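Some notes on the structure that comes next.
Only heavy atoms go into these numbers, but all of them, side chains included; no hydrogens, no water, no symmetry mates. What you see is a predicted model; the values in this text were computed from it and never measured. Each ligand, and each atom within it, is numbered from 1 in the order the structure gives. Nothing fancy with the numbering, it's 1 onward along the sequence.
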Amino acid sequence: MKKDIISIADLVMEEVKDLLELAREVKAGRKGKGALSGKTLAMIFEKPSLRTRVTFEVGMYQLGGYAVYLAPGDIGLDKRESVADVARNLSRWVDGIMARTFAHRTVVELAQFASVPVVNALTDREHPCQALACGLTMLERWGDMKGRKLVFVGDGNNVAHSLMLLCPLLGMDFVIACPEGYEPKGGIVQRAEVLARKYGTSIEILHDSHQAVREADIIYTDVWASMGQEAEREERLKVFRPYQVNAQLLSEAKPSCVVSHCLPARRGEEITDDVLDGPQSVALDEAENRLHVQKALLIRLMGTITAPEP
Ligand code: CP
Ligand code: NVA
């Protein structure tokens, strides 16, 4: 595995499979105890968080290690001190760094200058830990994901990007239904298309959510205005209105279709209460799985349990 996980594109298919299998072992309590005994993780946050902070901090504790939380403003990343100097200093004290930043290049730069592993805990471009948690949730539900279809309804944002890159590695088709002008970034689409060709899956960008969900095995959604886009919120509320995941839209998918959301949700906007709290929702299973899949990732990056030879 690479030293750093900045993007889902840093992982190959075998590594994703290995991480998800290890996460299942960790979740079942069969692996992980003491795997990071005495190890430390620095957690840099430029944005707020519930799930990411708690799951990384609790995960490190459960593996026998310790996590240091660095709140937004604590270290003045790129203001009080350059990103490179923060990376160089932290590398002398801790065994790993996770970072949630606005600019994607900040995490790229941390990884470049840190001698220890760096994990992307959400940037404006990607949220790989979330996509892996979704992968674990689908694996638990279906066993084999080959031939299944994930339909993302909403903004072509960080979460959509990571899911789009992950689907081909799981043998899944990916569809996004988004308003015109809110498509995923071209570079990521191209990368995902290369992977899709390699693994015999497909990537589709549509603008009609009703057409998109027809063959969906999982419908995924996320907020219409991400952290950092607060100024665009009013405009986005209008543009995204036809992209709400509600009971009507869900009824147009297969009866077995499940629904997920990375959370936090803006209830009544991108998703309705009845769907998020309904029997087809797996959003909380996915939130729980953040803990297990990140423990697997931390073990592989910082621990002593090595992956089996491919
Ligand atoms: N899904 C997720 O990353 O949640 P937080 O923003 O609360 O960490
Ligand atoms: N797209 C959202 C995800 C939050 C977990 C954001 O970046 O705010």
May I ask you to identify the nearest protein heavy atom to atom 4 (C) of ligand 2, giving residue, atom name and distance to one decimal place in Å?
Leu122 CD1, 3.8 Å
Among all protein heavy atoms in this structure, tell me which lies nearest to atom 3 (C) of ligand 2, with the distance rounded to 0.1 Å.
Asp222 OD2, 3.6 Å
Just one of Lys33, Lys295, Arg30 clears the salt bridge (Lys or Arg N to Asp or Glu O under 4.0 Å) bar with Glu25, so which one?
Arg30
Hey, are Thr55 and Gln294 close enough side-chain-wise for a donor-acceptor pair under 3.5 Å?
yes
Can you confirm whether the side chains of Asn158 and Asp124 place a donor and an acceptor under 3.5 Å from each other?
no
Classify the side-chain pair Glu286/Tyr220 by whether it contains a donor and acceptor separated by less than 3.5 Å.
yes
For atom 7 (O) of ligand 1, what's the nearest protein heavy-atom neighbour? Residue, atom name and distance, please.
Leu50 N, 2.6 Å
Option set Pro264, Ala265, Ala287, Ser49, criterion heavy-atom distance to atom 8 (O) of ligand 1, minimum
Ser49
Sole candidate of Val245, Leu284, Ile271 that passes side chain to side chain contact (heavy atoms under 4.5 Å, CB included) when paired with Leu276:
Ile271
Contact partition for Thr52 relative to ligand 2, non-hydrogen atoms under 4.0 Å:
neither
Nearest protein heavy atom with distance in Å, relative to atom 7 (O) of ligand 2
Asn158 ND2, 2.9 Å
At a 4.0 Å cut-off, with the gap strictly under it, does some heavy atom of Leu263 reach an atom of ligand 1?
yes
Please identify which atoms of ligand 1 are closer than 4.0 Å to at least one heavy atom of His127.
2 (C), 3 (O)
Where ligand 2 meets Leu263 - atom numbers and elements under 4.0 angstrom, heavy-atom basis
5 (C)
closest protein heavy atom to atom 4 (O) of ligand 1 is Arg51 NE, 2.8 Å
Could you label the plane-to-plane angle of the Phe240 and Tyr182 rings as parallel, tilted or perpendicular, counting under 30° as parallel and over 60° as perpendicular?
perpendicular
For atom 6 (O) of ligand 1, the closest protein heavy atom turns out to be Arg100 NH1, 2.8 Å
Which residue and atom name correspond to the protein heavy atom nearest atom 8 (O) of ligand 2, and how close is it?
Met227 N, 2.8 Å
Tyr61 and Tyr66: aromatic ring centres closer than 6.0 Å?
no
When rounded to the nearest 0.5 angstrom, what is the spacing between NE2 in His104 and NZ in Lys185?
10.0 Å
Could you tell me whether Lys146 atom NZ has more than 12 heavy atoms of other residues or ligands within 6.0 Å of it?
no
Where on Arg290 is there a heavy atom closer than 4.0 Å to ligand 1, on the side chain, on the backbone, on both, or on neither?
side chain
Ligand 1 atoms in contact with Cys262 (distance to a heavy atom under 4.0 Å):
1 (N)
His210-Glu252 side chain donor-acceptor pair, cut-off 3.5 Å
yes
Would you say Asp124 touches ligand 2, if touching means a heavy atom closer than 4.0 Å?
no
For the 3.5 Å polar cut-off, considering only N or O atoms, please tell me whether Ser226 and ligand 2 meet it.
yes
Could you verify whether a donor N or O on one side chain and an acceptor N or O on the other, from Arg267 and Thr272, lie under 3.5 Å apart?
no
Atoms of ligand 1 close to Gln130 [distance to a heavy atom under 4.0 angstrom, numbered from 1]
1 (N), 2 (C), 3 (O)
